[in-house]
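Bear in mind the structure is a predicted one, so any value in this text is a computation, not a measurement. Chain naming here is simple, since letters A, B, ... match the order of the sequence lines and numbering starts at 1 in each.
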Amino acid sequence: MPDTNTIHAHQFDDAEQQHESSWLGMWIFLATEIMFFGGMFLAYTSYRSAYSEAFAAASNELNIILGTVNTAVLICSSLTMALAVHSAQVNRTKPLVRFLSLTILLGVVFLVIKYFEYEHKFDENLVPGAFFVFRTDITNQAEIFFSLYFAMTGMHALHMVVGLGLLGYLNYAAMRRRYSAEYNTPVELVGLYWHFVDVVWIFLFPLLYLSGRH
Amino acid sequence: MKLAHVVPVKIYWVVFGALLALTLITTGIAFIDLGGVLNSAVALSIAILKAVLVVLFFMHVRYSSRATAVVLTAGVFWMVVLLVLTMSDYLTR
């Protein structure tokens, strides 16, 4: 088996530098994602501080069980993703494929649960717009909460869909034995992206679902 | 030659267990009124702890170069500046 460790693109001194460049590149992208989501977190912080009672009342309309379950689902998917990376690092293709498939499955479960949550919002007239209905003294403020809810969880879900696409590609490539201990950078980088999406949800969950329960 | 540190699987499972436990704790404690701003402070602290675990171990930052830590710190620092400066404006109006 050829020693692919020394193989690298010509602009790099060695394979290690190439790997570090790829790794840092993804991290820099994730820093831009912090900025991307950060804006919406700021909007939420600002409006919640101004309308804390309305936000608490609106938050209580969310299903805390589904929210907690979804949080656990994403945490499980981060575990399976980390185990997928590990499998590639120790040259075990079958577990790599299995863990990638599991990560995809858990991601789909998350989105299905999200779909049912959204559907329920439509049924309860909690979608911002012409048909929004809430306690009359805080209608506008609660509508802002739900605007933020749909914008932030919607953008998060969109990131999940992109992640599922990336994982699908990884699964396909992994089945064709493209990853090994010598080369598994794409698996690592998609892992970073997936964990980041998990971290975003780790903050979304308490802010959106738990603020008014006490 | 290893390009990236291979984290022992056991560490992943321990972190996973901690993350699940913290999730149950944060949901459970949400029903208890801890008093004013303490409710949000506790919820956010648990979230930050969970995020730190994911970042250090699942995202391998514990085993990565200083350059990685710099990029991550820069992103977080930017976020802190955004929140603190904006809210200090609003809250002092």
Side-chain angles (χ1 to χ4, degrees), chain A residues 3 5-6 14-16 18-20 23-24 27-28 30-35 37-39 41-42 45-46 48-50 64-65 67-68 71-72 75-76 78-79 81-83 85-86 89-90 181-185 188 191-192 194-196 198-199 202-203 205-207 209-214, chain B residues 1-9 11-13 15-17 19-20 22-24 26-35 39-40 42-44 46-48 50-55 57-61 64-65 67-76 78-79 82-83 86-87 89-91:
Chain A
D3 180 14
N5 281 330
T6 57
D14 51 45
E16 191 183 324
Q18 178 176 277
H19 177 268
E20 176 73 359
W23 180 258
L24 269 181
W27 267 108
I28 290 171
L30 293 182
T32 72
E33 289 273 73
I34 291 175
M35 295 193 274
F37 280 98
F41 276 103
L42 169 68
T45 305
S46 175
R48 173 160 155 189
S49 87
I64 196 175
I65 306 232
T68 306
T71 307
I75 287 170
C76 289
S78 267
L79 171 70
M81 186 73 229
L83 291 174
V85 171
H86 185 270
Q89 288 176 318
V90 297
E182 283 80 28
Y183 177 71
N184 53 62
T185 308
E188 285 188 297
L192 282 181
W194 191 257
H195 293 310
F196 176 79
D198 184 18
V199 169
I202 281 172
F203 284 103
F205 171 62
L207 292 177
Y209 287 79
L210 303 182
S211 55
R213 304 283 166 178
H214 52 83
Chain B
M1 175 177 95
K2 274 196 306 220
L3 293 175
H5 188 270
V6 183
V7 178
V9 167
I11 291 188
Y12 288 148
W13 282 98
V15 170
F16 171 69
L19 287 171
L20 282 187
L22 287 168
T23 301
L24 292 175
T26 199
T27 297
I29 213 171
F31 291 98
I32 305 168
D33 190 353
L34 305 165
N39 289 305
S40 307
V42 167
L44 267 176
I46 295 177
I48 290 172
K50 288 163 79 177
V52 164
L53 285 174
V54 172
V55 165
F57 295 102
F58 283 168
M59 297 174 87
H60 295 185
V61 172
S64 292
S65 62
T68 305
V70 166
V71 172
L72 170 64
T73 305
V76 172
W78 172 88
M79 179 94 181
L82 178 73
L83 288 172
T86 305
M87 291 316 295
D89 179 329
Y90 279 125
L91 293 175

### Message
Taking every non-hydrogen pair under 4.5 Å, which of Ile64(A), Leu210(A), Val199(A) racks up the most with chain B?
### Response
Leu210(A)

### Query
For the atom pair CG (Asp198(A)) and CG (Leu19(B)), what is the distance rounded to the nearest 0.5 Å?
7.5 Å

### Which atoms of Val54(B) approach chain A - backbone, side chain, both or neither, heavy atom under 4.5 Å
side chain

#### Entry: Contacting moiety of Leu24(A), where chain B heavy atoms sit under 4.5 Å
side chain

### Taking every non-hydrogen atom, the tightest pair across Gly38(A) and Leu82(B)
O-CD2, 3.7 Å

### Enclosure of Ile65(A) CD1 (heavy-atom neighbours >12, cutoff 6.0 Å)
no

### Query
Which bit of Phe205(A) is near chain B, if near means a heavy-atom gap under 4.5 Å: side chain, backbone, both or neither?
side chain

### Query
Which one of Ala43(B), Ser64(B), Ala47(B), Ser40(B) has the most heavy-atom pairs closer than 4.5 Å to chain A?
Ala47(B)

### Query
What distance do Leu72(B) atom CG and Ile34(A) atom CD1 have between them, rounded to the nearest 0.5 Å?
6.0 Å

#### Entry: Ring geometry between His86(A) and Tyr12(B) (parallel below 30°, tilted from 30 to 60°, perpendicular above 60°)
perpendicular

#### Entry: Spatial distance of atom CH2 (Trp78(B)) from atom OG1 (Thr32(A)) [nearest 0.5 Å]
10.5 Å

## Note on the structure
The interface call for Gln18(A) against chain B, heavy-atom contacts under 4.5 Å, is neither

### Query
For Trp13(B) and Leu79(A), what are the C-alpha separation, side-chain angles and deciding distance, and is it a side-chain contact (heavy atoms from CB on, under 4.5 Å)?
CA-CA 8 Å; Trp13(B) 282 98; Leu79(A) 171 70; 3.7 Å; yes

### Summary
Max heavy-atom pairs within cutoff under 4.5 Å with chain B, candidates Pro206(A), Ser78(A), Ala72(A), goes to Ser78(A)

### Query
Is chain A contacted by the side chain of Ile48(B), its backbone, both, or neither, given a heavy-atom distance below 4.5 Å?
both

### Query
With a 4.5 angstrom heavy-atom cut-off, which part of His195(A) approaches chain B: side chain, backbone, both or neither?
both

## Note on the structure
Of the listed Val55(B), Thr86(B), Leu83(B), Asn39(B), the one with the largest count of heavy-atom pairs under 4.5 Å with chain A is Asn39(B)

### Query
In Å and rounded to the nearest 0.5 Å, what is the CG to CG distance from Leu44(B) to Leu207(A)?
5.5 Å

### Query
Contact part of Val15(B) toward chain A, heavy-atom cut-off under 4.5 Å: side chain, backbone, both or neither?
neither

### Query
For Glu188(A), is it the side chain, the backbone, both, or neither that has a heavy atom closer than 4.5 Å to a heavy atom of chain B?
side chain

## Note on the structure
Of all heavy-atom pairs linking Lys50(B) and Thr71(A), the shortest is NZ-CG2, 3.8 Å

### Task
Between chain A and each of Tyr90(B), Phe31(B), Phe58(B), count heavy-atom pairs under 4.5 Å; write down the option with the most.
Phe58(B)

### Query
Relative to chain B, which segment of Trp23(A) carries a heavy atom at a distance below 4.5 Å: side chain, backbone, both, or neither?
side chain

### Task
Answer with side chain, backbone, both or neither: which region of Ala74(B) has an atom nearer than 4.5 Å to a non-hydrogen atom of chain A?
neither

### Task
Could you tell me which non-hydrogen atom of Ala67(B) sits nearest to which non-hydrogen atom of Glu20(A), and how far apart they are?
CB-OE2, 4.2 Å

#### Entry: Working for side-chain contact (heavy atoms from CB on, under 4.5 Å), residues Thr27(B) and Tyr209(A)
CA-CA 9 Å; Thr27(B) 297; Tyr209(A) 287 79; over 6 Å; no

### Message
Is Ser49(A) in contact with chain B via its backbone, its side chain, both, or neither, using a 4.5 Å heavy-atom distance?
### Response
side chain

### Task
Nearest 0.5 Å please: distance from the CE atom of Met59(B) over to the CE atom of Met81(A).
11.0 Å

### Message
Restricting to non-hydrogen atoms, name the atom on Val71(B) and the atom on Ala31(A) that form the minimum distance, rounded to 0.1 Å.
### Response
CG1-CB, 4.1 Å

### Message
Could you measure the distance from the CG atom of Asp89(B) to the OG atom of Ser46(A)? Nearest 0.5 Å is fine.
### Response
9.5 Å

### Query
For the candidates Val90(A), Leu30(A), Leu83(A), which exhibits the highest count of non-hydrogen atom pairs separated by less than 4.5 Å from chain B?
Leu83(A)

